[in-house]
Amino acid sequence: MCHVCCFSIGVDPDTGKNCTDKVHRYILVVAHHQIFRSRNNVIMAVADIGLIGLAVMGQNLILNMNDHGFVVCAFNRTVEKVDRFLANEAKGTKIVGAHSLKEMVSKLKKPRRVMMLVKAGQAVDSFIDQLVPLLDNGDIIIDGGNSEYTDTRRRCLTLKDKGILYVGSGVSGGEDGARYGPSLMPGGAPEAWPHIKNIFQGICAKADGEPCCDWVGEDGAGHYVKMVHNGIEYGDMQLICEAYHLMKDALGMSPDEMSKVMTEWNKGELDSFLIEISANILKFKDTDGQPLVEKIRDAAGQKGTGKWTAISALDYGVPVTLIGESVFARCLSALQQERVEASKQLKGPASTKYSGNKQEFIESIRQALYASKIVSYAQGFMLLREAAKIFNWTLNYGGIALMWRGGCIIRSVFLGKIKEAFDKNPHITNLILDDFFHQAIDNCQEKWRHTVATAVTLGIPTPCFSTALAFYDGYRSARLPANLIQAQRDYFGAHTYELLENPGKFIHTDWTGHGGTVSSTTYQA
Ligand code: 2AM
């Protein structure tokens, strides 16, 4: 008896009789693992992929895969959820279920593909430990959760030794994305890609007909790219909030008015999901007819991926200042009670109202937002480049821009321009140097400066607009004041410095006349 299909090998499932025809018997033997029949004799192909984790993202991805013709076998730690899912959301589909990992694995075509959408951390390790003894060489485990890339690197290396192909895939787009087309960022064992490509590129979002999913790179690259995506998302959200803050406080605009402005912005170069939903949020009314957004406590939460990006930027010494500021802006907002108290004591400028032309200032804010956004993405790609160097990843930067072009939270028309920039020159040092973005910043520069200067004068915080501008001015400076830092370090700690005319040669000066000539070892943080 076969435990998969419940039929004896060689028994014709239509008649239930032992088949005597030699050829037919052979076909039945070969086919019995590929086809099995349920009690009511409906033919069900064995599953193309197993999916563990029936929270909303997992369920929606399964339904999405089913829509695209893939047979999925569902499993969940709490197994009652499998039956509930099959009886409700999955009713009438080709989705099958399993009550144990063993049962799930036995229903999968080879090489077996198992995707996990479970809580990041211990749950992922626990499922891997349970799956490995059930799988064969060349089978594939995919983690589609929000895992840290360092965990994915470790898992990838450990499983390679066991002959299992491990993939860590970023999945972005929220519940709707998972159901109707997410952005997928898979990385890990490259040998796995040909076996999952059809499913991944089948179910993902499409932008201008192209799939928002491609192979990202080795080991933790997929989850790293997803992490940077989330960091950029933090930055984009904060930039929109700064625009909102200026329109609200400097121009005294109502949520409805601001919604109309953002709707207009969404028709041009800022066309993006986040601007679109912000316009919708601003015009949304509570049951009493008042704008709901103004009733929401201004204390931002966070789950950590923005913070991880900032930590990674600090670890690798890349000036990803805008994402860093956006994380700190959330931290500052979270000190809500403290701020309310401080607001009663600490004074700013006498007025926060802008006295110039309103329409012109709205346009200035738009340009500040656009220029800052360019800086943020340039910084994000700087970080990707550095991580690729450190981990020996071959990253396809244009491909990454295309993966983010649709399906995910930062989807925008703007990413098409980034893709074009990398298509033109895959080795470009910095996106700001690309003709298109260079020109765009030139066009916005004056109004960007005016916006930041006005915000400073009126005492309205714009940490991301400001840091983006400071980065831009720093990046375009042939000479920064770090010569003085080097002198200070050498003065108090004999850390040595290089002369402009002789880079690479570190020397020490006895600045005080009694410091001696011994220098400390030089190092780069
Ligand atoms: P559950 O339904 O049994 O709680 C999102 O939380 C998904 O991750 C759910 O499918 C959940 O399973 C699963 N999950 C969370 N923590 C887990 C753990 N420690 N072990 C296994 N699965 C876990």
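What's counted below: heavy atoms across the whole structure, side chains too, no hydrogens, waters or symmetry copies. Counting starts at 1 for both ligands and their atoms, following the listed order. All of these numbers come straight from a predicted model, not from anything done at the bench.
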Residues Tyr377, Phe437; criterion ring pair (Phe, Tyr, Trp, His ring centres under 6.0 Å); working and verdict
CA-CA 11 Å; Tyr377 282 68; Phe437 291 113; 8.8 Å; no
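- Contact record, Val293 with Leu282: CG1-CD2, 4.1 Å, taken as the closest heavy-atom pair.
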What are the distances between nitrogen or oxygen atoms of ligand 1 and protein nitrogen or oxygen atoms, counting only those under 3.5 Å?
residue	atom	partner	partner atom	Å
ligand 1	2 (O)	Asn76	ND2	2.9
ligand 1	2 (O)	Lys81	NZ	2.5
ligand 1	3 (O)	Arg77	NE	3.0
ligand 1	3 (O)	Thr78	N	3.1
ligand 1	3 (O)	Thr78	OG1	2.4
ligand 1	4 (O)	Arg77	NH2	3.0
ligand 1	8 (O)	Lys119	N	3.2
ligand 1	10 (O)	Leu54	N	3.4
ligand 1	10 (O)	Asn76	OD1	2.7
ligand 1	19 (N)	Arg77	NH1	3.3
ligand 1	20 (N)	Arg77	NH1	3.4

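- Looking at Asn396 and Trp215, their side chains never bring a donor and an acceptor atom within 3.5 Å of each other.
- Scanning all heavy atoms of the two residues, the minimum distance from Ala90 to Leu63 falls at CA-CD2, 4.3 Å.
- Annotation for Glu242 and Cys464: closest pair OE2-N, 2.7 Å, computed over non-hydrogen atoms.
- Here the closest heavy-atom approach between residue Ile49 and residue Met115 is recorded as CD1-CB, 4.1 Å.
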